[in-house]
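Structure first, commentary second.
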Amino acid sequence: MPVDALGREQRPYDGVPRIVSLVPSLTELVCDLGLADCLVGRTGFCVHPREALRRVPKVGGTKDVKLDAVRELAPTHLIADIDENRRDAVEAMMEFVPQVVVVHPQTVDDNLALYALLGAIFRRDAEAARLAAEFSAARQELAALAATRPRQAVLYPIWREPWMTVRRDTYIAAMLGAAGWDTLPADAPARFPEFAWDAPWLAGISRVLLPSEPYAFTDRHLAEVGALAQRPVTRIDGEMVSWYGSRAIAGLRYLAELRRQLG
């Protein structure tokens with residue numbers, strides 16, 4: 001029987017599920033497993049695939065889920081993530097949602113277990129196997145390319161005022177690491193630490209990768225960050241680095257192309 005990130009056995013479901021997803025990348029994965037018609041609730045940040053989600057009601061945000069709205073939808077399944085959703089809210093919904101699935105991918109290859117988990121629960125094994133094959137091909141392509149490039153230390157800001165970045169044990173850092181980009185700092189007390197631009201470890205970075213999310217860095221931030229870092233700055237698509245699930249396949253291909261461009 002499949003097991004989720006909390007170590008709880010998740011029984012396969014034989015009926016037509018009613019799924020509420022509280023995580024954007026999981027909502028996309030549910031659709032790519034052929035379950036779009038089974039989605040009855042999503043957060044306001046669940047935006048892909050756009051056309052399929054137009055009819056699906058919103059139940060708040062990832063951090064401020066409206067419990068009454070979820071209850072009214074009478075879901076058979078709730079899908080949540082340890083990092084993205086509040087523990088107290090998920091535990092409250094466990095009281096009235098029959099099956100709550102909690103995930104916590106931290107490495108690139110955790111996507112394979114994620115496909116298998118949801119594929120088994122919702123009896124979409126063939127669809128999960130297809131995604132796994134596509135993922136493995138993209139993973140191998142990126143690994144082969146990264147092996148031909150020197151590893152570089154990079155800064156990946158995720159927020160501004162206060163400035164924040166990612167620690168090495170995060171999914172984002174793992175994706176960048178697969179491309180040969182090692183995030184700094186190598187270690188920190190928090191998984192998403194604040195930093196100051198005079199931190200000694202910043203002397204070790206080769207470039208800054210400035211993502212489009214969670215903070216919406218735009219072209220106008222390039223000069224500011226370049227002046228602060230005194231290093232080359234490249235804007236990148238944050239979804240391709242931070243979204244797991246089926247988006248990870250496109251993300252690996254995206255990183256391969258980016259590494260070809262930047263060297």
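All values below come from the heavy atoms of this structure, side chains included, with hydrogens, waters and symmetry mates left out.
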To the nearest 0.5 Å, tell me how far [X] [atom1] sits from [Y] [atom2].
X	Y	atom1	atom2	value
L39	R18	CG	CZ	11.0 Å
K66	E72	NZ	CD	11.0 Å
C31	L26	SG	CG	11.0 Å
Q230	L202	CD	CG	11.5 Å
Y244	F135	OH	CZ	14.0 Å
L22	D81	CG	CG	10.0 Å

Could you tell me if the side chain of [Y] sits less than 4.5 Å from the side chain of [X], heavy atoms only?
X	Y	value
L252	E141	no
T183	L155	no
D219	R235	yes
F122	H77	yes
V103	D4	no
V154	S206	no
I79	V20	no
Y156	I158	yes

Side chain [X], main chain [Y], donor-acceptor under 3.5 Å:
X	Y	answer
R8	V100	yes
K63	E84	yes
N85	A80	no
R130	D125	no
R259	E257	no
S212	G238	yes

Is there a side chain to side chain contact (heavy atoms under 4.5 Å, CB included) between Y115 and L29 once you walk through the steps?
CA-CA 8 Å; Y115 304 152; L29 175 56; 4.0 Å; yes
Begin from the C-alpha positions of D182 and R168 and carry the test salt bridge (Lys or Arg N to Asp or Glu O under 4.0 Å) through to its verdict.
CA-CA 8 Å; D182 299 317; R168 287 269 177 93; 5.1 Å; no
Tell me whether [X] shares a hydrophobic cluster with [Y], the cluster being built from Ile, Leu, Val, Met, Phe, Trp, Tyr side chains joined at under 4.5 Å.
X	Y	value
L222	V208	yes
Y13	L73	no
V47	I19	no
L209	W243	no
Y254	L145	no

Salt-bridged, R160 to E224, with N to O below 4.0 Å?
yes
Check R167 with D169, please: is the shortest side-chain N to carboxylate O separation under 4.0 Å?
yes
Output, in order, the C-alpha distance, side-chain angles, deciding distance and verdict of salt bridge (Lys or Arg N to Asp or Glu O under 4.0 Å) for R191 and D83.
CA-CA 10 Å; R191 297 185 72 232; D83 279 341; 2.6 Å; yes
For a quick test of reading the model, state the closest non-hydrogen atom pair linking [X] to [Y] and the distance between them.
X	Y	value
G44	K58	CA-CD, 4.0 Å
A120	P12	O-CB, 3.5 Å
A178	V108	CB-CG2, 4.2 Å
T27	C46	OG1-SG, 3.0 Å
F192	M164	O-CE, 3.1 Å
V56	R42	O-NE, 3.0 Å

Report the C-alpha separation of R149 and L262 in whole Å, then their side-chain angles, then the decisive distance to 0.1 Å, and conclude whether the side chain to side chain contact (heavy atoms under 4.5 Å, CB included) test is met.
CA-CA 10 Å; R149 302 290 196 274; L262 298 180; over 6 Å; no
Are L118 and L35 close enough, and set up right, to give a side chain to side chain contact (heavy atoms under 4.5 Å, CB included), and what steps lead you there?
CA-CA 11 Å; L118 296 189; L35 295 161; over 6 Å; no
Is the number of heavy atoms from other residues, nucleotides or ligands within 6.0 Å of CZ (R55) greater than 12?
yes
Assign the ring pair F217 / H221 to parallel, tilted or perpendicular, where the plane angle (0 to 90°) is split at 30° and 60°.
perpendicular
Full working for side-chain hydrogen bond (donor to acceptor under 3.5 Å, both in side chains) between E28 and H48:
CA-CA 6 Å; E28 183 177 46; H48 298 303; 5.2 Å; no
What verdict does the salt bridge (Lys or Arg N to Asp or Glu O under 4.0 Å) test give for R87 and E91, after you've listed the backbone C-alpha separation in whole Å, the side-chain angles of each residue and the deciding distance to 0.1 Å?
CA-CA 6 Å; R87 177 175 177 175; E91 288 179 344; 2.9 Å; yes
Run V23 and T62 through side chain to side chain contact (heavy atoms under 4.5 Å, CB included) and show every step you take.
CA-CA 7 Å; V23 186; T62 55; 5.8 Å; no
With no hydrogens and no angle check, just 3.5 Å: does a side-chain donor-acceptor pair link D110 and Y171?
no
